[in-house]
Structures are given as structure tokens and as C-alpha cells.
There are 2 protein chains.
Amino acid sequence: MYSYHYPHPAVTVDCAVFGLDEARPASSGEDARRDDDRHGTTPGNLTVLLIQRDLEPYAGAWALPGGFVKIDEDLEAAALRELGEETGVRDLYLEQLGAFGAPDRDPRERVITVAYLAIVNLFDHPVAAATDARNAGWFGVDDLPALAFDHERIVAAGLEQLRATVRDEPIVFEFLPQEFTLRQVQSLYEAILGESLDKRNFRKKLHATSLIVPLDEVEMDVAHRAAQLHRFDRERYEALRAEGYRWNA
Amino acid sequence: MYSYHYPHPAVTVDCAVFGLDEARPASSGEDARRDDDRHGTTPGNLTVLLIQRDLEPYAGAWALPGGFVKIDEDLEAAALRELGEETGVRDLYLEQLGAFGAPDRDPRERVITVAYLAIVNLFDHPVAAATDARNAGWFGVDDLPALAFDHERIVAAGLEQLRATVRDEPIVFEFLPQEFTLRQVQSLYEAILGESLDKRNFRKKLHATSLIVPLDEVEMDVAHRAAQLHRFDRERYEALRAEGYRWNA
DNA sequence: TGTACATAGTGTATATAATACACTATATCT
DNA sequence: AGATATAGTGTATTATATACACTATGTACA
């Protein structure tokens, strides 16, 4: 059988993990994250998860979580495994961003990386807590440190894909807890799109979908009128989508 | 310096090259393609370029053009090189589709491929003519033979990306000659989107862009009233786009 | 030469979607 | 009790999308 004898590049996966770093909503009051897990961000910001490298090259620099793909491992499985190992995250949204393969992107040898966009719900899964061993942290997307390799380009590609996807698919709910306020949804759209939206028009559009169902609960521990909590009817969404419906907000 | 000693996968590039196979427009009357270059397609169809493999595995089967990435070669450069070698195509539109890396997608060894979407203008560059040595041909997207490896999935991903891109970017003009009729543009949208469009509304929308400029020429050698030829004002488009304009059709 | 045929080219009325915009309600905090 | 902070609500206007049918102009051929 024919086989290929020329040198092979190394292949890695890297994950641009986005989360919403926000004052914890009162509906689940315990386990507030420690302040030193957050870097240069104000509540309500879109953040990226970075780890500090402990090996050369770029030892000490911040980088995206990721690592080498095993020889018999599926790419997505590798991304999930590396994320689990380095950050303890499970149960997250994962979507491929693409391959990055400039010949000089890694000084050791030729390394082609397959980048993934991940979204993690920081309300239900306090991620940084599981990463104390390897220095890890959430950084506001507008306030990133210098990154190792070409990871700045990967983050930029992730943001671009987020912006492109957010209007056509209900991915914002991947960031939010099961029960959320409409204000949270709007703030998230604003953070991702980088523009501010009209409150009444935005809510009109959300309500028109009939997919955001109000609950008999309101948020707690806020110093003002409490907002009603809602949930996203994913089941109904999947059913509608099967019939050709497309999310649009 | 640290280096990675585990086995590396092979990395390839594969190109889903799309073209518009159509009765040659009269504005450039010579060099009609031979009929035996076309397979199972009627004029005006969206087609994909396939080559017949002469090596194992899948010897004899149809496959996407592509091949191994050299150890110091950029991914996009590898795609362009392979396309040039196998099909003689130059000067085409190229966009990454993503990485395909299921562990068993190649029976020889672990092979991860980076797939590209390419569009070629068959009016100005008669591609198949340059490929007589290796059996190559254009196949209608709805009439593909069984393909080697996971290339059917790659073609499907390419079609999906075409459909997603065509509304937000003026990529249709990558398929068409410099001078084209409005009917050609509409047919192409219809072929890509798989739905039929209203002639008057479509032309209204095209005209509203002010980017489709009518020429003082009409098509020739047609058995009916000749349509006016137009060109796409790419220069003006790039200028508008730099100011935030987005194509929308 | 004239008539059948094939496609080019054109406008208006209606429905739907997007935008702009400001006040009242309800909770906390002091 | 009053200050403050956010929740929550509707209408009028504008822009965009859709539905729809006839005339114009060339070729082919009887």
C-alpha cells in the first residue's frame, strides 16, 4: 500500500473560550468567584479564557488553552480533552473556527493548529476555580495581554465568527444561565456586536419569536425593581428549526 | 528546546472548486469546451471540479483536487499549488472551509485535511482543457458520483458556505465573465440558493446597489432579443465596503 | 415578409419589518 | 418620605420586501 514518506507537521487544537463575566445574578447566590480570577474587566464584559504557559516557547506568556492532537483522536475530541485537562470545563458549546498554519507560527517545528470557538456558561459552571494549578484567567476581549504564537489572530477570528453567528443562531443562551433577564440578553448582544440597541425594539423582537418564555420568578438581591426571569424554549426552537425557521435577532 | 516526539499525522489540502457550466455567452465566441468534459449537467448548472484518482487508495474513484502540504509551505499556498498542478487553474477565489480530521478518513494513515472553497470563472479560463492528462471533469452539484474519502462531506460544506456567503458578499461575480447579463446573475443566485427569484424584484435590488454598471454592448448570437451587458464595479465596491457598506442580495 | 417564438425589460400597490422615541412602575437605600 | 436605579410598555414613521403582467426586440422559419 502506498504511504507518504515526507516529514509531517505537528497538529494541535486551540480553543478560544468566550464567557460573560458579570456580577453574579441573585437567583443563585452562592459561590462568587474570587476577584483575582478576573483581569482588566468590568462586570458584564465578554471575556476570553487564557492560561499562562509554563513551558517554552513563550513560557510565562498568556495563550489559548490547547495542545497536541493524538494520533487516533478526533479533532473535536482533542479540543474537548484539552479544555477539560487545562480548565476543567465540560458541557460547552463548541464550533470549529478553522485551521491556522503559517509555516513560522511555532518556533519549534511546523505546527498546524485547528482552532475552535467555545462558549461557556460561567453562571452554572465557575470555570476558573478548577484551574488554580495552572495560572488561568478571564480577560476582557478589549483588554487582552500579548498572546503566544498567533493566538491574537485566533481570538480575532473567534470574535468575528461570534458576531457573524449571533444574529442567525440563538447562541447567546450558551453564555447565560437557564433563567435570565431580558436585560442580560440585550447586554450580551451589545457586548458581542459592539453597538447599543434600543430596549423596546429589542424586546419586541425577542417576544416576537415566542421562544423566550417568562417565568413566575424575578431576580433577587438587586437594589432596584427586580426584573422578571425568562428561559429559552430550546425544545420548541429545535422543532421550529426543523421546519425551516431561522433565528433572527 | 522542547520538541514533540509523538507521531504526527499527515496534513493535506483539498479544494472544492465550483464553477458555472453554461452555454458559452456570445460575447466571447471562440474556444467552446468539448462536450465530454461535462458530466450529467445541463447548461447553467453549478458544478464541481473532480479528478479521477490514479493511485491507491480509491484508485479510479473521483475525488477533489488536493494533496499533501509541504513541511514549510503555507496552507493556502499548498492549495493553490495543488490546484495549479492538477487542473491548471490560476487566479481564482479561495477561502478556507475548515479542517476535516476524522481518525479513519484515510485508510493509509492518519490524515487531516484542510479544505478550501474555490470559485473559478469558466468563461475566461477554460479549466478542463488543461487537465487532459489526468482525467478531470465538471459535475453538476446535484449529480455527483461517489467520491473518495470524506469528500462528499467537504462538497456539502462548500455548498453550505457558498449559500451562506452569497447573500452577504458579491462572490457571484467570481463565477461570471467581466461582462455579463442580469439574467446570468439571477440564474446563478437561483442555482446556489436552490430557489427561484422574482425577476423585477431581483433587478431592482441589483440596481439599487449602483455597483452593476450597464455597458454599451449587448450579448450576441442569441436566438431572441439580446440582453444588455453589465460589469461589476469592484473598485467602487471596495471603497464603499471600507466605509462599512455591506453587500446584500 | 410576416408571424411564431423566446427572452429582455419595466412599475405600482401592498404587506412586512425596522426605527425613533418618553414616560410610568416598583424595588432598594438612606 | 424622598432619592435613585432599573423594569417595563406602545405608537407613528420610514424603509424594505413582496406580489404581480404586460410590452419590446431580436431570431428562426414557413
Side-chain angles (χ1 to χ4, degrees), chain A residues 22-27 29 42-44 166-168 176 179-190 193 195-231 244-249, chain B residues 22-27 29 42-44 166-168 176 179-191 193 195-210 212-231 244-249:
Chain A
E22 195 176 27
R24 189 150 220 78
S27 50
T42 53
V166 79
R167 313 213 81 131
D168 305 325
L176 295 171
E179 308 187 347
F180 50 79
T181 67
L182 301 184
R183 172 69 200 165
Q184 285 177 299
V185 183
Q186 182 176 342
S187 298
L188 191 40
Y189 267 94
E190 290 174 336
L193 296 174
E195 60 185 300
S196 58
L197 304 171
D198 179 272
K199 182 158 83 164
R200 279 177 290 190
N201 293 339
F202 183 78
R203 291 159 100 102
K204 203 188 306 174
K205 224 168 168 179
L206 280 190
H207 285 133
T209 65
S210 305
L211 292 170
I212 312 295
V213 313
L215 304 173
D216 286 334
E217 282 175 84
V218 294
E219 60 181 341
M220 289 180 347
D221 299 335
V222 288
H224 51 76
R225 175 176 175 182
Q228 188 157 29
L229 292 173
H230 296 73
R231 68 177 184 85
Y245 168 84
R246 301 272 106 154
W247 179 264
N248 167 21
Chain B
E22 195 176 26
R24 188 151 221 79
S27 49
T42 54
V166 78
R167 313 212 81 132
D168 304 325
L176 295 171
E179 308 188 347
F180 50 80
T181 69
L182 300 184
R183 172 70 199 163
Q184 284 177 300
V185 182
Q186 182 176 343
S187 299
L188 190 41
Y189 267 93
E190 290 174 335
L193 297 173
E195 58 186 301
S196 59
L197 304 171
D198 180 271
K199 182 159 81 163
R200 279 177 290 189
N201 294 339
F202 183 80
R203 291 159 98 101
K204 203 189 305 176
K205 223 166 167 179
L206 280 189
H207 285 133
T209 64
S210 303
I212 313 295
V213 313
L215 304 173
D216 286 334
E217 283 175 83
V218 294
E219 59 180 343
M220 292 182 343
D221 300 334
V222 286
H224 52 76
R225 175 175 175 181
Q228 188 156 30
L229 293 173
H230 297 72
R231 67 176 185 85
Y245 168 85
R246 302 271 106 155
W247 179 264
N248 168 21

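Every chain is numbered from 1 and lettered A, B, ... according to where its sequence line falls, protein lines coming before strand lines.
- Distance CG (L197(B)) to P (dT18(D)): 9 Å, rounded to an integer number of Å.
- The CD1 atom of I212(A) sits 10.0 Å away from atom CZ of R231(A), with the distance rounded to the nearest 0.5 Å.
- Put simply, the side chain of F180(B) does not reach to within 4.5 Å of the side chain of L188(B), judged on heavy atoms.
- Between the side chain of R225(A) and the base of dA27(C) there is no donor-acceptor pair of N/O atoms closer than 3.5 Å.
- If you measure from atom NZ of K199(A) to atom C1' of dT19(C), you get 17 Å, rounded to the nearest angstrom.
- Side-chain nitrogen and oxygen atoms of R203(A) include at least one within less than 4.0 Å of the OP1 or OP2 phosphate oxygen of dG8(D).
- dA7(D) atom C1' lies 12 Å from atom CD of Q186(A), rounded to whole Å.
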Protein-nucleotides 11-18 of chain C N/O pairs under 3.5 Å:
| residue | atom | partner | partner atom | Å |
| --- | --- | --- | --- | --- |
| dT12(C) | O4 | K204(B) | NZ | 2.9 |

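- Side-chain contact between L206(A) and V185(A) is present, with at least one heavy-atom pair separated by less than 4.5 Å.
- Ring geometry for H230(B) against H207(B) counts as tilted: the plane angle lies between 30° and 60°, on a 0 to 90° scale.
- Mapped onto DNA chain C by nearest heavy atom, H224(B) and H207(B) fall at different nucleotides, with H224(B) at the one closer to the 5' end.
- Look at CD on E217(B): it is 17 Å from P on dA8(C), rounded to the nearest Å.
- With hydrogens and angles ignored, the 3.5 Å screen pairs a side-chain donor or acceptor of E219(A) with a backbone N or O of A227(A).
- For the pair Q186(B)/K199(B), a side-chain contact is recorded, criterion being any heavy-atom separation below 4.5 Å from C-beta on.
- To the nearest angstrom, C1' of dA8(C) lies 15 Å from CZ of F202(B).
- Remark: P of dA27(C) and CZ of R183(A) are 20 Å apart, rounded to the nearest angstrom.
- In this entry the distance linking CD of Q228(B) with C1' of dT7(C) reads 15 Å, nearest Å.
- Between atom CG of residue N248(B) and atom CZ of residue R167(B) there is a gap of 8.0 Å, rounded to the nearest 0.5 Å.
- Regarding L182(B), its CG atom lies at a distance of 13 Å from the C1' atom of dT7(C), rounded to whole Å.
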